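What follows is a single structure, written as structure tokens, with notes after it.
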There are 2 protein chains.
Amino acid sequence: MINLDIFNLSSREIALLIFLAQNRAAEKEIEITTTQLANFFNISQQTASRCLLKLDEMKVVTWKSSPKGSLVKLKPAGIHILDQLRFELEKALHPDLTSITLKGTVFAGRGEGKYYVSQPAYMKSFRSQLGYEPFHGTLNIRISAHYIDYLDLIRGSWPIIIKGFESEERPFDDVLCYPLKVVGLDAKVAGIFPRRSHYGANVLELISKVNIREELNLENDDEVVIEFPLKQKEGSD
Amino acid sequence: MINLDIFNLSSREIALLIFLAQNRAAEKEIEITTTQLANFFNISQQTASRCLLKLDEMKVVTWKSSPKGSLVKLKPAGIHILDQLRFELEKALHPDLTSITLKGTVFAGRGEGKYYVSQPAYMKSFRSQLGYEPFHGTLNIRISAHYIDYLDLIRGSWPIIIKGFESEERPFDDVLCYPLKVVGLDAKVAGIFPRRSHYGANVLELISKVNIREELNLENDDEVVIEFPLKQKEGSD
DNA sequence: ATTACTATTTTGCGAGTAG
DNA sequence: TCTACTCGCAAAATAGTAA
């Protein structure tokens, strides 16, 4: 059984998400009325209302309704559904594609990645989920403009999820790991997106059992080539 | 009201199309059982059976069922639904994008385009639908490898449809016109895909009121830059 | 093993209408 | 105008089972 948010939505709800995103509801609240939606999709006003309600309940949009109309904005979870869909579609339309290649350059981060990755509670989960305990630090890659779109594609794939936890000071979110390969390096690598980053973001952090920077003798501004494998299960369950 | 095949399908049926395409059912018949599908999508075997039946009835797949299992293959109409979805998704995820740019080179066709375009029955329709009667000939463009993917994206947009007709000798299909712009040329241009061409195809034929080849002084192998505008209606009906 | 029929339950739609 | 409730009906899902 596959595990995608898409299956929890009807095709109308997916179409509504697409419509909202096309009208920039990913960036800002947009005004809309259920009657407009009803006309656009050729459904009843009631159904349009119910669709919005459901998207709101599923926490993929924020929705403020009033007797004057509605204000809607996509939440990250809503954008993520579109990303997932795009990822699956890309694989469907290019079944021969075996990997996605990205290029970027090394830069010095502010050590935040290191701080998070080093949390002992994460470490245990890394070992069981990734099969290794990563080096206590991340390699920051600024993905080149031309490849940013591919970064969003990767975001649409199903990650390995390192469960978050609560510490005394603050909560630590889930860490989403995308297994990938760094050209020239044998060790397994995983990419993680910096917290709260989203569209237009061009930074990817790499973790690995080894210190990638040392292993590949990388200086800041050196180019790194990354490959994201598209291993798809062939028709099994 | 918008007009997309997607709305005639449930999200499960869309997911099923994606699944089939991912498993290469766009190229060849694949073996599958309704039980496998049921497990994969976490639905009942009966529902999986009915999904396939519906896709078959909608003529988006060919389906041969037997007590030993099923053989399924996507028809062009099925692939086209995925294209439409991809086109809408691209617009949703890149709402700032105003056009798609393609590059290709001129080559000499075998005059087939000219033969079709010159049919008087098409001409009348061209005038009413495109606003002009095209020059009696097409300019053949071989799209460069890097841009072929964009060609499929254009295919997913809703074309201007020039209705086909029956002549004494043979039937003439609908002509699907995609309005676009040739850089350096003021006249309106429309792109049409050669008959029966599909994936991997890299040829686009251009029609215009003027003789593009003469107007731009083009020789074979000259490069042409094409822009496909992504004008999307903003939230109206 | 399959596919796919029938019966039953559940879900979902639109009309009418209240707030 | 809006949103969004209830209600009656229609469509679609599952379970059981036949072929």
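Numbers restart at 1 for each chain; the letters A, B, ... are given by sequence-line order, proteins then strands. Computed from a prediction, not measured in an experiment: that's the story for all the values here.
- As a whole-Å value, the separation of Leu53(B) CG from dA11(D) P is 16 Å.
- For the pair Phe7(A) CZ and dT11(C) P, the computed distance is 20 Å after rounding to whole Å.
- Computed from coordinates, the Trp63(B) CH2 to dT3(C) C1' distance equals 7 Å when rounded to whole Å.
- Using a 4.0 Å cut-off, no side-chain N or O of Thr35(A) falls inside it from OP1 or OP2 of dT1(D).
- The overall bend of the helix from dT2(C)-dA19(D) to dG19(C)-dC2(D), read as the angle between its terminal helix axes built from five base pairs each, is 40° when rounded to 10 degrees.
- By the salt bridge (Lys or Arg N to Asp or Glu O under 4.0 Å) test, Asp96(B) is found to be paired with Arg24(A), residues two or more places apart in sequence or in another chain being considered.
- Regarding Glu31(B), its CD atom lies at a distance of 12 Å from the P atom of dT3(C), rounded to whole Å.
- Listed by chain and residue number, Tyr132(B) satisfy the side chain to side chain contact (heavy atoms under 4.5 Å, CB included) test with Lys209(B) (two or more places apart in sequence, or in another chain).
- Between Phe41(B) and Phe19(B), the distance separating the two ring centers is shorter than 6.0 angstrom.
- Atom C1' of nucleotide dA4(C) and atom CG of Leu52(B) are separated by 12 Å, given to the nearest angstrom.
- Legend: residues meeting side-chain hydrogen bond (donor to acceptor under 3.5 Å, both in side chains) with Tyr116(B), ordered by chain and number and at least two apart, are Arg170(B), Arg195(B).
- Per the geometry, CG belonging to Leu37(A) stands 18 Å off P belonging to dT1(D), to the nearest Å.
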For nucleotides 12-19 of chain C, 5' to 3', base contacts (B), sugar-phosphate-only contacts (S) and non-contacts (-) with protein non-hydrogen atoms under 4.0 Å give -BBBB---
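- By the salt bridge (Lys or Arg N to Asp or Glu O under 4.0 Å) test, Arg50(B) pairs with no residue at all, sequence neighbours left out.
- Considering only residues two or more places apart in sequence or on other chains, Glu31(A) meets the salt bridge (Lys or Arg N to Asp or Glu O under 4.0 Å) condition with none of them.
- The CZ atom of Phe41(B) sits 18 Å away from the C1' atom of dT14(D) (whole-angstrom rounding).
- Between Thr33(A) and the phosphate of dT1(D), there is no side-chain N or O to OP1/OP2 separation shorter than 4.0 Å.
- For the OP1/OP2 pair of dA4(D) and a distance below 4.0 Å, the side-chain nitrogens and oxygens of Ser65(A) include at least one atom meeting the criterion.
- The interatomic distance linking Gln36(A) (CD) with dT1(D) (P) rounds to 14 Å, in whole Å.
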Ignoring hydrogens and angles, write down the donor-acceptor pairs under 3.5 Å from the side chains of residues 64-78 of chain B, residues two or more places apart or on other chains.
{"residue": "Lys64(B)", "atom": "NZ", "partner": "Glu29(B)", "partner atom": "OE2", "Å": "2.5"}
{"residue": "Ser66(B)", "atom": "OG", "partner": "Lys68(B)", "partner atom": "N", "Å": "3.1"}
{"residue": "Ser66(B)", "atom": "OG", "partner": "Gly69(B)", "partner atom": "O", "Å": "3.4"}
{"residue": "Ser70(B)", "atom": "OG", "partner": "Trp63(B)", "partner atom": "NE1", "Å": "3.1"}

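- Remark: Glu13(A) pairs with Lys54(A) by the salt bridge (Lys or Arg N to Asp or Glu O under 4.0 Å) rule, at least two apart or across chains.
- Taking CG of Asp174(B) as the reference point, atom CZ of Phe165(B) lies at 10.5 Å (rounded to 0.5 Å).
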